[in-house]
Amino acid sequence: MLSKIIKDLPDSLVVGTCGLFFYMDDFRSGMFGVKCRVPSSVILHSGFWYKTAMKTLVIGLGGVTNGGKTTLTRRLEKLLPNCSIISQDDFFKPESEVAIDDRGFLQYDVLDALHMEEMVASIRSWMTRSEDSAVTTQPNSLDSNQKGTEEVHVLIVEGFLLYNYRPLSDVWNKKYFLTIPYEECKRRRRNSCCASEVAIFLRSSRIYNPPDPPGYFDGHVWPMYLKHKKEMEESETDIVYLDGTKSQDDICSRIYNDIVQEWKRTSEQSSVKHL
């Protein structure tokens, strides 16, 4: 009962008074022998128990098809503690619900091909319940620069149309966008659509199902990318553009260091408030 009360309390609300609770291992126990486990976001400060605001970061990793978004996301997930992932590809509608143009091309590279309301709901849900959603693990490379950041929870959202959907415009702490030239993008896309064993050894190992029909890249994929990129540039600010032809190590290191700095800044700004 007490654990439910504590969990449901609003941020910074006093949940106990001086002398009523005392600390014992990872439990907070009552003076009448009532014992309950509570989240790490409930802390003791000056004789009072407070529920502190959970520190979260939402990172957008957008960009062109086959730009390296998924690969970078997986690498960052291994480096960062308390990191969760949401992929826009998981919200595609079934093929039967995707529009077809007069050339017979399935219109996958548009917002209408996605269950965007469900994606927004998933992100908002994580933002309110991040302590339960995050995988609480220590990163492989945790160093002295990350001390005090373990209680920050990170969500990386990766996808090709992150910044063109207005209901998501206010969720981002950092926004990245990967770009690659037309020829390189077409080469990677072609390799991704090749259903042969050698495809797994190429830089982009994604296999598209269904595979692109002849003319699909030039007739749909690339024009939609240019259209949405232009719209994004006209409506969004503070996007960090990254060259997807650069080394994956360099790009990952750049994003990782940015997140750690934002992480530290968020931790320093967070404080317990007295009522």
Side-chain angles (χ1 to χ4, degrees), residues 56-95 97-98 106-130 132-137 139 153-180 185 188-189 191-193 199-200 202-212 221 224-225 228-229 232 236 239-242 244 248 251-252 255-256 258-259:
T56 62
L57 293 178
V58 180
I59 309 299
L61 186 53
V64 65
T65 177
N66 295 95
K69 302 181 294 294
T70 302
T71 301
L72 283 171
T73 299
R74 290 170 180 168
R75 294 184 65 170
L76 289 165
E77 182 182 20
K78 294 178 180 179
L79 291 172
L80 296 163
N82 304 326
C83 182
S84 299
I85 304 298
I86 290 178
S87 174
Q88 193 170 38
D89 284 358
D90 293 336
F91 296 89
F92 272 114
K93 295 177 181 177
E95 183 179 337
E97 297 180 26
V98 176
L106 286 162
Q107 302 295 288
Y108 272 114
D109 290 58
V110 297
L111 286 170
D112 283 345
L114 297 151
H115 291 292
M116 289 303 297
E117 295 85 357
E118 293 180 13
M119 182 175 172
V120 172
S122 295
I123 294 172
R124 299 288 185 186
S125 176
W126 180 92
M127 292 172 71
T128 57
R129 300 198 314 271
S130 59
D132 296 329
S133 301
V135 179
T136 306
T137 57
H153 293 251
V154 177
L155 175 66
I156 299 178
V157 184
E158 64 101 357
F160 68 107
L161 280 178
L162 298 185
Y163 313 127
N164 297 78
Y165 193 61
R166 190 169 297 277
L168 286 176
S169 61
D170 65 336
V171 307
W172 313 111
N173 292 100
K174 299 287 288 186
K175 295 181 287 187
Y176 296 95
F177 192 90
L178 283 159
T179 64
I180 52 176
C185 186
R188 295 188 191 182
R189 180 85 177 200
N191 290 337
S192 297
C193 293
I200 64 174
L202 298 173
R203 182 168 184 176
S204 176
S205 60
R206 174 174 295 174
I207 303 297
Y208 285 87
N209 185 22
D212 291 348
V221 175
M224 287 298 100
Y225 163 68
H228 292 131
K229 183 172 181 287
M232 176 190 72
E236 290 290 323
I239 296 175
V240 178
Y241 292 88
L242 301 170
Q248 286 271 313
I251 300 174
C252 185
I255 298 176
Y256 171 78
D258 285 353
I259 292 175

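We number each residue from 1, following the sequence as shown.
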Requested in this report: Provide the full list of salt bridge (charged side-chain N to carboxylate O under 4.0 Å, His left out) pairs with a residue in residues 106-126, sequence neighbours left out, each pair given once.
Outcome: Arg124-Asp170

Is the closest side-chain heavy-atom distance between [X] and [Y] below 4.5 Å?
X      : Y      : value
Tyr225 : Thr179 : yes
Tyr165 : Met119 : no
Phe160 : His228 : no
Leu76  : Val154 : no
Leu178 : Tyr176 : no

Drop me the distance from [X]'s [atom1] to [Y]'s [atom2], to the nearest 0.5 angstrom.
X      : Y      : atom1 : atom2 : value
Lys175 : Glu236 : NZ    : CD    : 4.0 Å
Asn164 : Met116 : CG    : CE    : 9.0 Å
Ile255 : Leu72  : CD1   : CG    : 5.0 Å
Arg188 : Asn191 : CZ    : CG    : 10.0 Å
Asn82  : Thr56  : CG    : OG1   : 11.5 Å
Thr65  : Met224 : OG1   : CE    : 14.0 Å

Query raised in the report: Taking only residues two or more places apart in sequence or in another chain, which ones pass side chain to side chain donor-acceptor pair (under 3.5 Å) with Gln88?
Result: none

Report summary line: Sorted by chain and number, sequence neighbours left out, side chain to side chain donor-acceptor pair (under 3.5 Å) with Lys174 holds for none

Query raised in the report: Would Phe177 and Lys229 count as a side-chain contact (heavy atoms from CB on, under 4.5 Å) if you check the C-alpha gap in whole Å, the side-chain angles of each, and the deciding distance to 0.1 Å?
Result: CA-CA 10 Å; Phe177 192 90; Lys229 183 172 181 287; 4.1 Å; yes

Closest non-hydrogen atom pair between [X] and [Y], with its separation:
X      : Y      : value
Val98  : Leu106 : O-CD2, 4.0 Å
Ile156 : Cys83  : CD1-SG, 3.9 Å
Val157 : Leu162 : O-CD1, 3.2 Å
His153 : Trp126 : O-CH2, 3.3 Å
Gly67  : Ile180 : CA-CD1, 4.1 Å
Leu114 : Lys93  : O-CE, 3.5 Å

Report task. Given side-chain contact (heavy atoms from CB on, under 4.5 Å), test Phe91 with Ser122 step by step and report yes or no. Result -> CA-CA 10 Å; Phe91 296 89; Ser122 295; 3.7 Å; yes

Requested in this report: Verify, without hydrogens or angle tests, whether Asn173 (side chain) and Ile59 (backbone) share a donor-acceptor contact under 3.5 angstrom.
Outcome: no

Query - Side-chain (Tyr163) to main-chain (Gly60) donor-acceptor, under 3.5 angstrom - result: yes

Requested in this report: Kindly assign one of parallel, tilted or perpendicular to the pair Tyr108 and Phe92, based on the angle between their ring planes and the thresholds 30° and 60°.
Outcome: perpendicular

Query raised in the report: Checking side chain to side chain donor-acceptor pair (under 3.5 Å) against Glu158, which of Thr70, Thr73, Thr71 comes through?
Result: Thr70

